[in-house]
Amino acid sequence: MSVYLRDTTRARRFDASALARTAKRLLRAIGEEGSSLSLSFVGDATIRRLNREHRGKDRTTDVLSFPLYEPEVRKGNIAGGPERMLGDIVIGVEQARRQALDYDATLEAELKRLLIHGLLHLVGHDHEVRDERARMEGEERRLAAAIGLRWPYDPASAADSRGRGRV
């Protein structure tokens with residue numbers, strides 16, 4: 001199991017290596033111990049360009065996932081070797097920082113939340129349809145608990161002064 005890490009941000013206000021270790025814990029939690037992924041931390045300009053090029057949306061976003069395989073093909077070791085690459089997760093750190101402020105959360109907590117979200121997209125989850133969204137949210141909560149991360153959307157978390165929970 002490997003996490004190939006790339007951090008192109010200049011501000012070193014988070015521990016990218018610790019987040020790579022968290023990604024490994026999450027891979028174990030979803031039963032993907034024999035898999036690897038690429039994890040990149042980028043700024044607004046880069047994630048906006050990727051969002052425009054790959055999704056046709058010319059705006060900054062928080063996380064993008066680029067799975068290597070279609071959901072129905074993901075099961076089993078496709079490469080036939082000891083490890084299979086699930087795909088790439090790209091996290092926009094500046095957008096994550098803004099969202100962390102909105103949730104009254106730490107940057108580290110928001111980066112972990114986005115890592116969970118991106119990983120679930122790599123393994124076939126989506127949130128475009130209500131039923132799929134409910135399944136994905138349930139899995140996000142389960143993975144957050146697996147790494148000791150308080151989920152920001154819990155009704156019990158909404159008691160802070162801005163009506164948003166701390167991650």
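Predicted, not measured: the structure shown is a model, and the values here were computed from it.
- In this structure, the separation between OG on Ser40 and CD1 on Ile89 is 9.5 Å, given to the nearest 0.5 Å.
- With sequence neighbours left out, Arg142 forms a side chain to side chain donor-acceptor pair (under 3.5 Å) with Glu139.
- For residues 17-42, the set of pairs meeting the ring pair (Phe, Tyr, Trp, His ring centres under 6.0 Å) definition, not counting sequence neighbours, comprises Phe14-Phe41.
- Clustering ILVMFWY residues whenever any of their side-chain heavy atoms sit less than 4.5 angstrom apart, transitively, puts Ile147 in the very cluster that holds Leu120.
- Follow the hydrophobic side-chain contacts under 4.5 Å out from Met85 and you never reach Val90; the two are in separate clusters.
- Using a 4.0 Å cut-off between charged nitrogen and carboxylate oxygen, Glu137 and Arg141 do not count as a salt-bridge pair.
- Checked against side chain to side chain donor-acceptor pair (under 3.5 Å), His54 has no partners two or more places apart in sequence or in another chain.
- For Asp44, the salt bridge (Lys or Arg N to Asp or Glu O under 4.0 Å) test picks out Arg98, with sequence neighbours left out.
- For Arg97, there are no side chain to side chain donor-acceptor pair (under 3.5 Å) partners at least two apart in sequence or on another chain.
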Exercise. Does the pair Ile47 and Gln95 meet the rule for a side chain to side chain contact (heavy atoms under 4.5 Å, CB included), with working shown?
Worked result: CA-CA 9 Å; Ile47 201 142; Gln95 182 65 29; 5.7 Å; no
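- Nearest heavy-atom pair across Leu114 and Val63 is O-CG2, 3.7 Å.
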Exercise. Given His121 and Phe66, is the side chain to side chain contact (heavy atoms under 4.5 Å, CB included) satisfied, shown in steps?
Worked result: CA-CA 8 Å; His121 278 305; Phe66 300 98; over 6 Å; no
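- Cluster annotation: Leu64 is not connected to Val93 through the hydrophobic network of ILVMFWY side chains, with a link wherever side-chain heavy atoms come within less than 4.5 Å.
- Residue-environment remark: CZ (Arg6) stays at or below the threshold of 12 foreign heavy atoms within 6.0 Å.
- Follow the hydrophobic side-chain contacts under 4.5 Å out from Met1 and you reach Leu119 in the same cluster.
- Under the rule for a salt bridge (Lys or Arg N to Asp or Glu O under 4.0 Å), Glu94 has no partner lying at least two apart in sequence or in another chain.
- Contact of the Leu37 side chain with the Leu122 side chain is registered, since non-hydrogen atoms from C-beta on lie closer than 4.5 Å.
- Listed by chain and residue number, Ile116, Leu149, Trp151 satisfy the side chain to side chain contact (heavy atoms under 4.5 Å, CB included) test with Ala144 (two or more places apart in sequence, or in another chain).
- By the 4.5 Å heavy-atom criterion applied to side chains, Val42 and Ile91 are not counted as neighbours.
- Remark: Glu128 pairs with no residue by the side chain to side chain donor-acceptor pair (under 3.5 Å) rule, at least two apart or across chains.
- Proximity of the aromatic rings of His127 and His117 is defined here by a centroid distance below 6.0 angstrom, and this criterion is met.
- Among residue pairs with one or both ends in residues 55-67, those qualifying as side chain to side chain donor-acceptor pair (under 3.5 Å) are Arg48-Asp58, Asn51-Arg55, Arg52-Asp58, Asp62-Gln99; sequence neighbours excluded.
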Return all side-chain donor-acceptor pairs below 3.5 angstrom for residues 19-30, not counting sequence neighbours, or 'none' if the list is empty.
residue, atom, partner, partner atom, Å
Thr22, OG1, Ala18, O, 3.1
Arg25, NH2, Ala146, O, 3.4

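- At a threshold of 4.5 Å between side-chain heavy atoms, the hydrophobic network of Ile, Leu, Val, Met, Phe, Trp and Tyr places Leu115 and Leu50 in two separate groups.
- Other residues sharing the hydrophobic cluster of Val129, ordered by chain and number and joined by side-chain separations under 4.5 Å: none, the residue standing alone.
- When side chains are defined from C-beta on, Leu86 counts as touching Glu32, because their heavy atoms get closer than 4.5 Å.
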